[in-house]
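Numbers restart at 1 for each chain; the letters A, B, ... are given by sequence-line order, proteins then strands. All values below come from the heavy atoms of this structure, side chains included, with hydrogens, waters and symmetry mates left out.
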There are 2 protein chains.
Amino acid sequence: MSNLPEDLPECMVFLLGKAYQKAHGDFSRRLRPYGLTNMQHLVLEGLWYQPGMTATELSKLLILDKATLSGVLDRMTETGWIIKQPDPEDRRIQRIYPSEQANRLKPNLIAQRQESNREILEHFSPEECILFKRLLRDLI
Amino acid sequence: MSNLPEDLPECMVFLLGKAYQKAHGDFSRRLRPYGLTNMQHLVLEGLWYQPGMTATELSKLLILDKATLSGVLDRMTETGWIIKQPDPEDRRIQRIYPSEQANRLKPNLIAQRQESNREILEHFSPEECILFKRLLRDLI
DNA sequence: TCTATATCCTTTGCATACAAACAATTTTTT
DNA sequence: AAAAAATTGTTTGTATGCAAAGGATATAGA
């Protein structure tokens with residue numbers, strides 16, 4: 001009834017989880033010297049794309065829970081990666097900006113993501129890469 | 001330099017993370033009525049495959065951190081899904097078994113995983129499914 | 001205008017994740 | 001056998017991840 005070793009490699013939740021685990025771990029190690037986590041890096045990329053977004057906007061762009069984001073933003077404010085500014089129009093809102101420090105490191109940080117991506121895909125042919133991404137996008 | 005909306009769909013860490021997020025969420029909802037989490041379900045499948053494994057063995061089979069597993073096993077003992085028995089040969093070791101309750105629900109639980117898997121893959125052709133799994137396995 | 005509803009964000013509670021340090025116990029070395 | 005090294009599992013600390021509830025504020029509708 002249960003043949004785990006044969007079933008696991010067929011189980012998508014497991015495969016996706018482990019593939020993510022590996023990619024996440026690799027990127028994570030790359031970011032460690034900067035004192036940034038993957039999630040925090042992602043937030044910065046979002047803010048570089050559009051500075052001054054609200055938490056809700058960021059949450060939608062990055063497809064992540066607002067409760068999770070709330071904590072992430074707190075820590076990033078503490079560590080000086082971002083700056084929160086109250087919105088004069090709507091007192092419920094805080095607009096979020098990358099800090100100077102973040103902007104200084106922007107080229108290096110973006111390069112790290114690109115490198116990490118290359119590393120993950122280096123064992124696949126260009127056609128496989130395209131297909132792989134399409135399959136993942138279709139799943140999401 | 002940073003064109004997030006164009007880059008995100010190309011970034012493997014992001015794609016893998018979101019694909020996993022979705023698959024995990026789906027399976028999670030399926031398991032909620034049983035009071036089981038995805039991880040706990042995975043542990044049970046491991047123990048059904050080979051009852052009496054040690055935490056270290058389970059940790060290797062399921063590719064997960066021993067510190068994480070330690071907490072999972074604690075909660076599963078509390079909630080009566082597994083049973084820990086000391087090993088008479090080696091006092092460092094505890095052998096782990098699925099409980100009666102777990103065994104009773106085994107057919108239903110395994111069916112849930114299979115259903116969840118089908119649901120995730122239903123938008124892909126049989127060839128795509130095979131390829132998708134191969135790509136994920138090669139990545140791991 | 002005043003109340004009901006909606007929005008934004010935070011907080012709480014629980015469950016992973018994983019690095020690092022540890023205690024207990026075995027195994028290996030010398 | 002005594003000391004050193006390795007193994008097993010737990011604990012601690014930090015960071016997600018998400019459901020659910022809550023507080024503050026804004027908007028809509030009567």
Side-chain angles (χ1 to χ4, degrees), chain A residues 13-14 16-29 31-43 53-60 62-79 81-82 84-96, chain B residues 13-14 16-29 31-43 53-60 62-79 81-82 84-96:
Chain A
V13 188
F14 182 78
L16 287 168
K18 293 314 166 185
Y20 171 60
Q21 191 179 56
K22 170 153 184 173
H24 181 276
D26 289 352
F27 193 29
S28 191
R29 272 181 288 282
L31 291 177
R32 187 149 319 143
Y34 296 89
L36 267 183
T37 66
N38 296 23
M39 180 54 64
Q40 294 172 0
H41 181 280
L42 188 60
V43 165
M53 265 192 287
T54 66
T56 298
E57 288 165 344
L58 249 181
S59 156
K60 280 172 189 157
L62 306 180
I63 317 177
L64 68 94
D65 197 276
K66 60 190 171 163
T68 302
L69 185 56
S70 186
V72 175
L73 295 179
D74 272 357
R75 286 184 286 278
M76 291 182 75
T77 303
E78 292 264 326
T79 46
W81 288 103
I82 61 171
K84 289 180 179 179
Q85 294 198 344
D87 184 304
E89 313 267 305
D90 188 335
R91 276 183 300 175
R92 292 169 303 179
I93 291 176
Q94 299 229 318
R95 305 219 159 261
I96 310 164
Chain B
V13 188
F14 182 78
L16 288 168
K18 294 313 166 185
Y20 172 62
Q21 191 180 55
K22 171 152 182 175
H24 182 277
D26 289 353
F27 193 28
S28 193
R29 272 182 288 281
L31 291 177
R32 187 150 317 145
Y34 296 89
L36 266 183
T37 66
N38 296 24
M39 180 55 62
Q40 294 172 1
H41 181 280
L42 188 60
V43 164
M53 265 192 287
T54 67
T56 297
E57 287 165 344
L58 249 181
S59 156
K60 280 172 187 155
L62 306 180
I63 317 178
L64 66 93
D65 197 276
K66 62 188 171 164
T68 302
L69 185 56
S70 186
V72 174
L73 295 179
D74 271 358
R75 285 183 287 278
M76 291 182 76
T77 303
E78 293 264 326
T79 46
W81 287 104
I82 61 170
K84 289 181 179 180
Q85 293 198 345
D87 185 303
E89 313 267 304
D90 188 334
R91 276 183 299 174
R92 291 170 305 180
I93 291 176
Q94 299 227 319
R95 305 220 158 260
I96 310 164

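With salt bridges taken as basic N to acidic carboxylate O contacts below 4.0 Å, one links B:Lys84 and B:Asp74.
Contact annotation: B:Lys84 reaches the phosphate of D:dT10 (side-chain N/O to OP1 or OP2, under 4.0 Å). Close to C:dT16, at under 4.0 Å from its OP1 or OP2, lies no side-chain N or O of A:Gln21. A sub-4.0 Å separation between OP1 or OP2 of C:dT16 and a side-chain N or O of B:Arg75 is present. At C:dA17, one or more side-chain N or O atoms of B:Tyr20 fall inside 4.0 Å of OP1 or OP2 (strictly under the cut-off). A sub-4.0 Å separation between OP1 or OP2 of C:dT7 and a side-chain N or O of A:Thr56 is absent. Contact annotation: B:Arg91 does not reach the phosphate of C:dA24 (side-chain N/O to OP1 or OP2, under 4.0 Å). Dashed line: the shortest gap from a side-chain N or O of B:Lys60 to OP1 or OP2 of D:dT7 is not under 4.0 Å. Distances shown here put every side-chain N or O of A:Gln94 at or beyond 4.0 Å from the OP1 or OP2 atom of C:dT10.
Per the geometry, NZ belonging to B:Lys18 stands 11 Å off C1' belonging to D:dT16, to the nearest Å. Whole-Å rounding puts the A:Glu57 CD to C:dT7 P distance at 14 Å. Atoms CG (A:Asp87) and P (C:dT7) sit 17 Å apart, rounded to a whole Å. We find that CD1 of A:Ile93 is positioned 13 Å from C1' of D:dT27, with the value rounded to whole Å. The distance between atom CE of B:Met39 and atom P of D:dT16, rounded to the nearest whole Å, is 18 Å. Remark: C1' of C:dT16 and CG of B:Leu62 are 14 Å apart, rounded to the nearest angstrom. Distance B:Lys22 NZ to D:dG17 P: 18 Å, rounded to the nearest Å. A:Asn38 places its CG atom 12 Å from the C1' atom of C:dA17, with the value rounded to the nearest Å.
Looking at which nucleotide of DNA chain C each of A:Arg32 and A:Leu69 is closest to, the 5′-most match is held by A:Leu69. DNA chain D is contacted by both A:Ile63 and B:Ser70; B:Ser70 maps to the nucleotide lying nearer its 5′ end (nearest heavy atom per residue). Both A:Ala55 and A:His24 lie close to DNA chain C; mapped to their nearest nucleotides by heavy-atom distance, the more 5′-ward contact belongs to A:Ala55.
For B:Lys66, taking side-chain heavy atoms from C-beta onward, the closest of the listed nucleotides D:dG9, D:dA26, D:dA19 is D:dG9.
The CZ atom of B:Arg75 lies 11.0 Å from the CD1 atom of B:Ile82; values are rounded to the nearest 0.5 Å.
Among all heavy-atom pairs drawn from A:Tyr34 and A:Trp81, the shortest one is O-CZ2, 3.3 Å. B:Gly35 and B:Gln40 make their closest contact through O-OE1, 4.0 Å (heavy atoms, listed as atom of the first residue, atom of the second, distance).
Residues A:Thr54 and A:Gln94 fail the side-chain proximity criterion, which asks for heavy atoms closer than 4.5 Å.
Within the 4.0 angstrom heavy-atom criterion, base atoms lie near A:Thr68. Note on A:Thr54: only backbone sugar-phosphate atoms sit closer than 4.0 angstrom, heavy atoms only; bases stay farther off.
Taking 3.5 Å as the limit, the base of C:dT7 and the side chain of A:Arg92 contain a donor-acceptor pair of atoms between them.
Between B:His41 and B:Phe27, the ring-plane angle classifies as perpendicular under the 30° and 60° cut-offs.
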